2 protein chains.
Amino acid sequence: MDTRLDRDASNCSIARTLEVVGEKWTILILREVWYGSSRFGDFERVLGCPRNLLAARLRMLVEEGILATETYKEPGSRSRPKYVITPKGMDLVPAVMGLLQWGDRYRADPEGPAMLTRHRGCGAPVDAQIRCERGHAVHAEDIESVPGPAFRMKAAE
Amino acid sequence: MDTRLDRDASNCSIARTLEVVGEKWTILILREVWYGSSRFGDFERVLGCPRNLLAARLRMLVEEGILATETYKEPGSRSRPKYVITPKGMDLVPAVMGLLQWGDRYRADPEGPAMLTRHRGCGAPVDAQIRCERGHAVHAEDIESVPGPAFRMKAAE
DNA sequence: TTGCTGAGTATAGAAAAGTAAACTCATGTC
DNA sequence: GACATGAGTTTACTTTTCTATACTCAGCAA
């Protein structure tokens with residue numbers, strides 16, 4: 001007899017996001033798209049990712065609507081596919097900025113980061129931060145997590 | 001002969017962060033810590049994660065300084081270890097908030113999210129966003145990535 | 001018509017993760 | 001002293017993921 005009064009952790013937005021972007025290479029592919037890559041060969045060369053995994057990840061990202069395919073044509077060659085980011089993909093930027101920022105703080109080279117991110121136009125460095133709807137900057141310790149509409153408990157076994 | 005004039009992608013803060021938190025279960029363990037779990041048995045029960053992997057991930061998170069061990073004592077039992085988050089671990093919150101937010105937007109149940117995050121005290125919902133040092137809210141499209149102090153090109157092969 | 005190129009597919013082997021169960025170890029209760 | 005408990009470790013096996021390399025395929029060019 002075992003009364004498990006635990007929160008049902010399968011019903012979680014973090015876990016569900018990780019189902020899409022949690023596999024190896026996926027976030028690094030997106031990073032390369034942000035940095036300007038768009039072709040199969042670009043990703044392969046810069047990332048050193050195996051071709052079959054690269055093909056599988058790109059296919060999945062397109063199916064999920066995070067990337068979309070377009071075509072390009074080099075003079076003297078036939079049309080080939082390229083990959084561009086969609087608005088749904090752009091919405092992953094805050095999460096990846098958070099990872100970037102943590103790495104810059106705790107795992108960068110002694111000289112500093114390899115890439116800097118700036119606000120285009122104003123030129124000032126950018127960072128990911130947490131704000132509440134009223135515009136206050138929120139410290140991580142001041143975030144309160146409360147059950148939402150889809151909150152469920154685990155079934156007893 | 002192969003002149004690779006590619007950016008050296010190994011020297012990247014995103015990739016380095018993923019080396020620490022990119023394995024399966026790691027971020028979910030941190031989520032449980034934020035939601036209040038601290039004991040080996042809590043994680044095992046709520047996550048359904050295999051014990052050997054759980055032990056390995058906890059050990060790694062402690063080695064990295066993201067979690068720390070303390071002891072607790074139930075009356076009538078001996079002291080046992082528990083896991084608490086460190087400031088270095090709290091600095092991962094913006095990244096995980098970004099993942100949570102994306103999942104809430106694109107992969108939540110029809111009724112809505114399972115958990116809501118609020119600013120303690122003011123009570124307003126919080127979200128991860130990108131700002132520049134001058135305080136402007138920055139759209140993902142307006143982020144410019146430029147080479148930083150540790151920028152390197154790949155060696156030609 | 002032979003070769004070249006970019007974008008894949010196919011396949012085989014290695015590594016990691018998942019599953020399940022047994023075992024250890026310290027200490028507190030009966 | 002015998003047993004219970006939480007926090008692991010160990011072992012054995014299956015499945016999935018990762019890596020590396022070879023192969024295919026379409027169209028352009030010589």
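Predicted model, so just to flag it, every value in this text is computed and none were measured.
Computed from coordinates, the B/Phe40 CZ to C/dT24 C1' distance equals 14 Å when rounded to whole Å. Computed from coordinates, the A/Asp42 CG to C/dT5 C1' distance equals 14 Å when rounded to whole Å. What separates CD of B/Glu74 from P of C/dG28 is a distance of 13 Å, to the nearest Å. The distance between atom CG of A/Leu54 and atom P of D/dT21, rounded to the nearest whole Å, is 17 Å. Rounded to an integer number of Å, the gap from CG of A/Leu61 to P of C/dG8 is 13 Å. For the pair B/Glu23 CD and C/dA15 C1', the computed distance is 12 Å after rounding to whole Å. Straight-line distance from the CZ atom of A/Arg51 to the C1' atom of D/dT24: 11 Å, rounded to whole Å. Between A/Arg80 atom CZ and C/dC4 atom P the separation is 15 Å, expressed in whole Å.
Between A/Tyr83 and C/dG6 there is no side-chain N or O to OP1 or OP2 distance below 4.0 Å. Between B/Trp25 and C/dG18 there is a side-chain polar atom (N or O) within less than 4.0 angstrom of OP1 or OP2.
For the pair B/Arg7 and A/Tyr35, the cation-pi criterion (under 6.0 Å, within 45° of the ring axis) is not fulfilled.
For B/Pro81, whose side chain is taken as the heavy atoms from C-beta onward, the closest listed nucleotide among C/dA7, D/dG8, C/dG8 is D/dG8. Side-chain proximity of A/Ala55 to the nucleotides C/dG6, C/dG8, D/dA7 is greatest for C/dG8.
One N or O on the side chain of A/Lys154 and one on the backbone of B/Arg45 form a donor-acceptor pair closer than 3.5 Å.
Between B/Asp109 and A/Arg152, at least one side-chain N (NZ, or NE/NH1/NH2) sits under 4.0 Å from a carboxylate O, which counts as a salt bridge.
Contact of B/Asn52 with D/dT10 (side chain to base): no donor-acceptor pair of N or O atoms is detected under 3.5 Å. B/Arg78 contributes a side-chain N or O that forms a donor-acceptor pair with the base of C/dA26 under 3.5 Å.
As judged by a 4.0 angstrom heavy-atom cut-off over every strand, B/Glu44 is placed among residues making no nucleic acid contact. Nucleic acid contact class of A/Tyr72 (heavy atoms, under 4.0 Å, all strands): sugar-phosphate only. Nucleic acid contact class of A/Leu53 (heavy atoms, under 4.0 Å, all strands): base.
In terms of position on DNA chain D, the residue among A/Arg57 and A/Lys73 whose nearest nucleotide sits closer to the 5' end is A/Arg57. Looking at which nucleotide of DNA chain C each of B/Ser79 and B/Lys24 is closest to, the 5′-most match is held by B/Lys24. Sequence order on DNA chain D of the closest nucleotides to A/Ser77 and B/Leu58 puts B/Leu58 first from the 5' end.
Separating the CG atom in A/Asp127 from the CZ atom in B/Arg131 is a distance of 10.0 Å, to the nearest 0.5 Å.
For the ring pair (Phe, Tyr, Trp, His ring centres under 6.0 Å) test, no residue two or more places apart in sequence or in another chain qualifies with A/Phe40.
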